Amino acid sequence: MSPVKCAPPLRGRGEEERALRRLLDGARAGSGGALLLVGAPGMGKTALLDLAAAHAADGFRLLQVSGVAAESRLPYAGLHGLLRPVAASATALPDAQSLALISALESGTAAGGLALPAAVLGLLSAVAARQPVLACVDDVDLLDPASREVLSFAARRVSAEPVALLFTARTGVPDGIPARELGGLDAAAVRELAGDLAPGKVAEDLLAALDQIACGNPLALAELIGSLTPDQLAGLAAPPAALPRDGRLWRAHAARLAELPEEARRLLLLIAADPGLDVPTLIRAARPACPLTALEPAERAGILHSAGDRYDFRDPAVRGVAYYGASLLRRRSAHRLLSALLKDPGDGGAQRLRRAWHRAWALDGPAERLADELAAAALDACPPRGHPEPYLALERAAELTEHDHPAKAERLAAAARHAWVAGRPQAARSLLARLRSLAAPDELRAHVQLLHGSLELLGGETGSAREELLSAAAWLLESHRMLGVRALVRAADASYRAGDNRAFIAIARQAAALRRPDETVPTQLMFEYLAGMASTFSGSHQEAAAPLRRVVELAGSVRDPAVLVWACVASMLLGEDATAHRLSARAVEAARVRGAASAMPQLLEYMIYPQIWMGRYASVAATAAQGLRLSQETGQLNTAAQHLAWLAITAAVEGDQETCRVRADAAIGLADAHDLGIAGAIGNWALAYLDLAAGRPADAANRLRAERRNHNHVVIRVMATPHLIEACARTGDQERARSALRVLERWVGSTRSPDLRALVSRCRALLAGPGEAEELFREAMELHGQGAYEFEAARTQLLYGSALRRDRRPGAARTHLHSALETFERYGARLWTEQARTELRASGDPVRPAMDATTGQLTAQQLQIARMVAEGATNKEVAEQLFLSRRTVEHHLRNIFSRLGIRSRVELVRLMS
């Protein structure tokens with residue numbers, strides 16, 4: 001077992017902490033109140049009570065009690081526990097109230113009417129006359145009903161008293177008291193808590209697997225991390241499937257389940273054994289003497305709820321307790337019954353797989369036959385739909401296969417491949433680790449090596465990935481040509497990510513020598529891609545154009561998402577951004593249809609390139625945030641580095657200097673650790689872009705001139721060249737700027753893009769003499785008018801207007817500067833907006849005030865948050881989707897309300913609509 005530190009319990013509870021402070025501040029000022037915290041076990045309710053007590057330590061009289069099930073039948077037991085320390089003050093009450101209170105506390109009896117509730121309110125008021133009172137009642141739903149009723153009465157009447165009452169409960173009792181429901185922690189808080197519990201030890205993909213069980217429950221996460229073995233932490237063993245049996249949460253859930261009737265527990269076991277079980281099938285499973293109404297006690301207890309045509313557990317962690325808490329005999333009986341109920345083929349492959357799965361766990365026949373049946377059903381059921389996932393079925397089939405049987409290794413390898421495709425890298429690595437002890441033919445070893453290299457490519461060191469993939473290609477080219485060529489392209493991709501052009505060109509030459517005249521369309525596409533990219537990296541852009549165009553042509557008949565992204569790259573290098581965006585969208589959709597979760601983060605990378613060129617920064621932010629979240633969940637740190645770097649670019653555009661630096665530094669850190677030239681180059685470009693926008697051209701030029709190993713990549717260097725030329729031109733480094741322009745001209749000359757030609761004209765204008773510059777700027781503006789780069793057109797207008805102002809033509813300058821200012825304001829580009837305003841002031845124009853309360857003055861990220869909130873998303877949902885902390889979302893919302901001059905979400909909905 002790994003040693004785990006004591007967890008700070010309040011990660012991600014900023015909103016709740018502020019609510020507690022408001023409650024206490026009100027009580028200090030004589031305006032008391034009450035608050036009920038509702039949440040499942042382990043959500044941190046007691047920790048919040050402790051926090052409130054700590055905040056109240058200075059100046060409050062603290063009263064505390066916890067509900068105990070054993071005392072729930074003793075009238076006024078809870079009241080006794082809470083008020084006993086101050087019962088002596090009851091003598092100050094009117095006689096009738098004093099007698100009622102003493103009778104309740106000493107004998108558990110009280111006359112009806114208002115005497116006792118009024119006495120409790122009076123007692124709290126009398127104590128609070130000397131110092132404010134905080135009364136904390138933990139698990140109020142376990143309190144005896146008589147105490148709960150009296151305390152509810154008092155809680156509803158303390159608004160004019162220096163008294164704060166704070167309750168916690170699993171369900172929403174008592175009535176009439178303001179309540180806050182504690183949901184699961186958001187993704188950012190989960191990572192922070194994991195860092196507190198086991199600093200640097202829990203990989204992102206393992207953490208994502210644990211949180212599938214915990215669902216943001218802090219105690220569940222703490223207990224799961226505390227149960228991890230060294231092999232699980234190292235990724236060599238599968239993550240836990242349920243809460244640890246010796247943990248508090250397991251015992252709490254098991255106790256709740258034990259209170260249910262026998263038939264309810266039997267049906268719960270069936271639901272736990274098959275999450276896809278529908279109500280009609282469950283009705284057939286129920287005994288005639290005990291129909292489906294047997295589940296009503298589980299619904300009343302909050303364990304189960306209806307979800308469409310099926311039942312589901314309210315807390316996903318309870319499913320594991322219901323299943324693994326049952327005896328092996330009962331589990332096998334449940335699987336046997338389910339396999340009998342699922343005899344109807346139903347929806348074909350998926351139904352057949354479910355039945356084979358249940359037969360395999362029921363051991364309903366010879367192990368060898370069950371393994372064959374399950375493996376065949378798993379392979380037929382792809383793409384996966386529902387339960388079980390094919391990799392789990394293949395893993396079970398391997399477990400049922402004899403150790404020395406060749407099929408065992410084949411099934412483990414297939415399970416690992418399907419786990420990787422499904423976005424379960426932790427499971428894939430553990431399955432591959434189990435293969436090491438098995439004898440396997442060379443062909444299977446090559447398949448395993450291809451998978452291992454692919455895992456390393458997206459989550460490990462690029463040099464190691466390249467060697468693994470080249471070795472796999474050498475084995476596969478003869479037996480599985482398409483896979484062999486794919487391995488070669490992936491090895492080249494490892495070189496591309498590292499920024500190692502020589503290695504890429506060497507692999508492309510090796511591939512060219514292997515080419516045959518009878519290749520399939522996808523294989524032809526891959527060969528053309530390697531040839532075109534190699535020519536690009538050699539600087540032979542005209543020579544590269546033909547194979548790259550052939551790649552785009554062939555993509556029309558290709559459906560494989562991994563192959564389509566190479567066509568996307570080809571389109572981008574040809575300057576055909578709309579085509580590149582369309583191909584990347586096709587690839588993403590194809591991956592969704594196939595259930596290829598592992599492919600999504602990388603596919604989203606390629607969607608960003610054309611979005612960047614077209615200036616769709618809000619889309620870039622959304623795509624990169626989604627890609628970052630998915631890459632972290634699937635253990636793809638190399639892909640995560642790129643998404644972080646693109647997010648740094650969007651922050652630079654917005655002028656958010658602190659966010660840009662944080663994201664860029666994180667991306668560059670990963671680049672240094674994993675030899676990722678491309679991520680390092682994008683991160684460095686983001687920082688240079690920020691320098692340029694902030695009026696620091698010398699710093700920008702220095703960053704972009706640097707030739708550091710992990711901060712250099714030819715494609716990103718070319719994309720950043722317009723910024724380098726601008727920075728060098730503004731600092732007088734004409735030689736460097738002209739050299740960079742020659743490289744840009746060679747590439748742009750091989751494309752048909754008016755937008756790219758506009759950038760070349762702009763760069764030429766920056767380096768031209770006074771007589772030539774204006775004509776080149778006009779040429780750039782004309783070309784921009786034929787394209788789609790609106791933001792870059794505004795940047796050209798800013799530079800053109802600035803040049804006209806310096807040439808003492810302020811009237812002509814103002815036209816371009818006003819147009820640029822309007823675009824920058826619409827994009828929320830604060831630093832560029834300020835540059836345009838500065839130029840306008842220098843031209844003698846009294847700059848108009850900022851835009852009125854319209855969404856045009858929001859930054860790209862603020863606009864995205866505003867749209868999501870207007871559509872009904874909570875702060876938690878916004879934070880999870882955009883990979884922000886809830887506090888950051890709150891900060892953005894405050895700024896959004898301030899900029900738009902509104903006060904509420906209702907007004908925001910009205911404005912956004």
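A quick note: this is a predicted structure, and the numbers were derived from the prediction, not measured. Nothing fancy with the numbering, it's 1 onward along the sequence. Side chains included, hydrogens not; waters and symmetry mates left out as well; all remaining heavy atoms used.
If you run side-chain contact (heavy atoms from CB on, under 4.5 Å) between L488 and each of D493, L477, L483, L476, only L477 comes through.
At a threshold of 4.0 Å, the pair E589-R586 does not count as salt-bridged, since none of the basic side-chain nitrogens sits closer than that to a carboxylate oxygen. Note on R549 versus E576: salt bridge recorded, some NZ/NE/NH1/NH2 to OD/OE distance being below 4.0 Å. A salt bridge does not link R778 with E782: every distance from a Lys NZ or Arg NE/NH1/NH2 to an Asp or Glu carboxylate oxygen is 4.0 Å or more. With respect to E456 and R490, no salt bridge is recorded, no charged nitrogen being found less than 4.0 Å from a carboxylate O. We find that R830 and E834 are not joined by a salt bridge, their nearest charged nitrogen and carboxylate oxygen being 4.0 Å or further apart.
Sorted by first and then second residue, the ring-ring contact (aromatic ring centres under 6.0 Å, His included) pairs with a member in residues 492-512 read Y496-H713, F504-F537; sequence neighbours excluded.
Heavy atoms from other residues, nucleotides or ligands lying under 6.0 Å from NE2 of H452 number 12 at most.
Neither side chain, S631 nor H643, offers a donor N or O lying under 3.5 Å from an acceptor on the other. Side-chain contact annotation: Q611 with S619, donor-acceptor N/O pair under 3.5 Å absent.
Here the OH-SG distance, from Y689 to C660, works out to 10.5 Å after rounding to the nearest 0.5 Å. Of the inter-residue distances, the one linking R497 atom CZ with E605 atom CD reads 4.5 Å to the nearest 0.5 angstrom. Taking OG1 of T796 as the start and CD of E779 as the end, the distance is 11.5 Å to the nearest 0.5 Å. Between atom CG of residue L450 and atom NE2 of residue H447 there is a gap of 8.0 Å, rounded to the nearest 0.5 Å.
Among residues two or more places apart in sequence or in another chain, the salt bridge (charged side-chain N to carboxylate O under 4.0 Å, His left out) test is passed with E790 by R826.
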Please assess L574 against V552 for the test side-chain contact (heavy atoms from CB on, under 4.5 Å), listing each intermediate value before the final yes or no.
CA-CA 10 Å; L574 291 168; V552 178; 4.1 Å; yes
Working for side-chain contact (heavy atoms from CB on, under 4.5 Å), residues E772 and R764
CA-CA 9 Å; E772 302 174 2; R764 287 171 177 165; over 6 Å; no
Given the rule in the side-chain contact (heavy atoms from CB on, under 4.5 Å) test, do R486 and V563 qualify, once you have shown the distances and angles that lead to the verdict?
CA-CA 9 Å; R486 187 186 295 261; V563 178; 4.2 Å; yes
Passes side-chain contact (heavy atoms from CB on, under 4.5 Å), L798 versus H816? Steps please.
CA-CA 7 Å; L798 173 62; H816 297 289; over 6 Å; no
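A heavy-atom distance below 4.5 Å is found between the side chains of L687 and R661. Taking 4.5 Å as the limit, every side-chain heavy atom of L554 sits out of range of all side-chain heavy atoms of W566. Side-chain contact check for R559 versus R594: some heavy-atom pair is nearer than 4.5 Å. Contact annotation: the side chain of L604 approaches that of V588 to within less than 4.5 Å [non-hydrogen atoms, C-beta and beyond]. Side-chain contact between D500 and R466: present, with at least one pair of heavy atoms (C-beta onward) separated by less than 4.5 Å.
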